[in-house]
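A short worksheet on the structure shown next.
Lettering follows sequence order; numbering is per chain, from 1.
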Protein chains: 2
Amino acid sequence: MIVTLSLQIAKLSVMLFTMDIQLKINMNEKLFLRDPEQSELGKKIILHSIQLIHSNGFEAFTFKKLAIDIGTTEAGIYRYFENKHRLLIYLTAWYWSWLEYQVTFQTNNIKDPTVKLKQVIKLLATTVENDHSTLYVDESILHQIIITEGTKAYLTKRVSEDNKDHLFKPYKDLCALIGNMILECNPDYKYPKSLASTIIEMAHFQNFFMNNLPSLTDFGQDKNEEEIVRFLEDLVFSSR
Amino acid sequence: MIVTLSLQIAKLSVMLFTMDIQLKINMNEKLFLRDPEQSELGKKIILHSIQLIHSNGFEAFTFKKLAIDIGTTEAGIYRYFENKHRLLIYLTAWYWSWLEYQVTFQTNNIKDPTVKLKQVIKLLATTVENDHSTLYVDESILHQIIITEGTKAYLTKRVSEDNKDHLFKPYKDLCALIGNMILECNPDYKYPKSLASTIIEMAHFQNFFMNNLPSLTDFGQDKNEEEIVRFLEDLVFSSR
DNA sequence: CTTGGATGATAGTAACACTATCTTTGCAAA
DNA sequence: TTTGCAAAGATAGTGTTACTATCATCCAAG
């Protein structure tokens, strides 16, 4: 039996099976030339690209290396994605959609807006546990990629065109969702969206700094993500 | 008459002439193969690379294009910089050193730590006026570059090696300086360095979002940098 | 049985990221 | 004045990247 649930949150549907729940994220069709979720090769491209971008870094990652890794040819990859930047946007869009689902799911039924927002901060700043509901995506490695490479998806000359094609919609949706939660905590606060984008980006940047440029942070040698959570909570709550 | 002043802030010296003041920023020698400030060609490389990175974006910027623009050859550029990423690190390091000087200069003699910190936020978030004391660098275009490309200097696989060579020292120095100013405002605050890196990055990100992905911010159509200043002030002061 | 869409195999091109070498120029010490 | 030497110019070449094109194969639906 397959039931498709329509959630409030945009573009997400969940397929429920008797024994096993699988998450299906509907992606904007402009992100790819051929839908990678519709074939084995496509799924391999996603799986292996996450691993290769993580191990090589985005700059040194090439479609040639990906093709060899998968056991196909460059031309085969190009049938799915226009270029590696589009693939990066695809991966980030997938991640933000998945995270929006996590946020919605994990804050469901929490009445107290403060508790809710704290839960969101925890989700943003803490390493994700791989939930196995998405079979061909490794969320914890993807999380690492988003920390290091995520901003490169939009920090380009093409950002306005890409935005017109709604490629950043999942990111903007998540930001709007969190912005509204901030407003629930304090309806008079004047910068909910800017604060939302700030905590989203800083959850990642402070993590990167902690692990690579630690003198830019106040988090000790233990490299504890809990400290990032406390910093962000302080940032959000001691004012509002 | 030439007088060389040694300032507290590291690696900065100011040469004072009778009629004319020139700023000379001492750069880490690992940033280049041959010091671009010591020759006409080197200065042209800096000047034209700022313009070309701004007009093409860093990804589409190449040494070939730069060479043609200047009227020299690719090989000529490679005598000064190992590759375009090193050149980017050079430009960002120069910018952060220059900004640290600005911060030190513009907050000098301000006693009230709150007024001081507000002045810093203004400097971080407001378009710089070209002060002409640095003849071959256009600070306002460089500021635009740092907004869009600045994080790419350190968001790489090589970040730890580059950090060992102290390539990010100017950024870390600025962050430490601002962190100390935050502590002056509230000696008990637990995250001065993280808050400092947050306002530095957010001064740029909110500017980028305002101009390119405005729904991630609360700043209207007028695209006023003053609103970013107010957001950052609120972030820093309503808590501390 | 055939037909079309996905894939595989192979080739090719322009640009990019360098490295090498040889010549010329300009200036400065001997 | 000559010699020397470093910076810059000129040219060439190599391996890789980022694609595009073409043709053969395979497999499943009609």
message = Return a single string for nucleotides 11-25 of chain C, one symbol per nucleotide in 5' to 3' order, where B is base contact, S is sugar-phosphate-only contact and - is none, cutoff 4.0 angstrom on heavy atoms.
response = -----SBBBBB----
request  = Determine yes or no for a side-chain-to-main-chain donor-acceptor pair under 3.5 angstrom, with A/Lys172 supplying the side chain and B/Leu213 the backbone.
outcome  =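 Checking the backbone N and O of B/Leu213 against the side chain of A/Lys172, no donor-acceptor pair under 3.5 Å is found.
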request  = Without swapping roles, check the side chain of A/Ser197 against the backbone of A/Ser194 for a donor-acceptor pair under 3.5 Å.
outcome  =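 It does hold such a pair.
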query = Would the B/Tyr90 and B/Tyr80 ring centres measure less than 6.0 Å apart?
reply =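 For B/Tyr90 and B/Tyr80, the ring centres are not under 6.0 Å apart.
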Measure [atom1]/[X] against [atom2]/[N] and give the value in whole Å, please.
X       : N      : atom1 : atom2 : result
B/Leu41 : D/dA10 : CG    : P     : 12 Å
A/Lys43 : C/dT7  : NZ    : C1'   : 17 Å
A/His85 : D/dC19 : NE2   : P     : 12 Å
A/Leu87 : D/dC19 : CG    : P     : 12 Å
B/Glu40 : C/dG26 : CD    : P     : 14 Å
A/Leu33 : C/dG5  : CG    : P     : 16 Å
A/Asn56 : D/dT17 : CG    : P     : 10 Å
A/Leu66 : D/dT16 : CG    : P     : 18 Å

If you compare every side-chain N and O of [X] against the phosphate oxygens of [N] (OP1, OP2), does one of them come in below 4.0 Å?
X       : N     : answer
A/Arg34 : C/dT7 : yes
B/Thr72 : D/dG9 : yes
A/Ser39 : C/dA6 : no

query = Do A/Glu201 and A/Thr151 have a side chain donor and acceptor closer than 3.5 Å?
reply =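 A/Glu201 vs A/Thr151: no donor-acceptor pair found between side chains.
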Side-chain ion pair, A/Lys152 and A/Glu59, N-O less than 4.0 Å =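 Salt bridge present between A/Lys152 and A/Glu59.
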Proximal nucleotide (of D/dA7, C/dA9, C/dT7) relative to the B/Tyr80 side chain =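 Among the listed nucleotides, the one closest to the side chain of B/Tyr80 is D/dA7.
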task = Would you check if B/Leu66 and B/Ile53 make a side-chain contact, meaning some heavy-atom pair closer than 4.5 Å?
result =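 Counting from C-beta outward, B/Leu66 and B/Ile53 never come under 4.5 Å.
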inquiry  = Contact between A/Thr198 and B/Gln206 at the side-chain level, heavy atoms closer than 4.5 Å - yes or no?
reply    =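 Result yes, sub-4.5 Å side-chain heavy-atom pair found.
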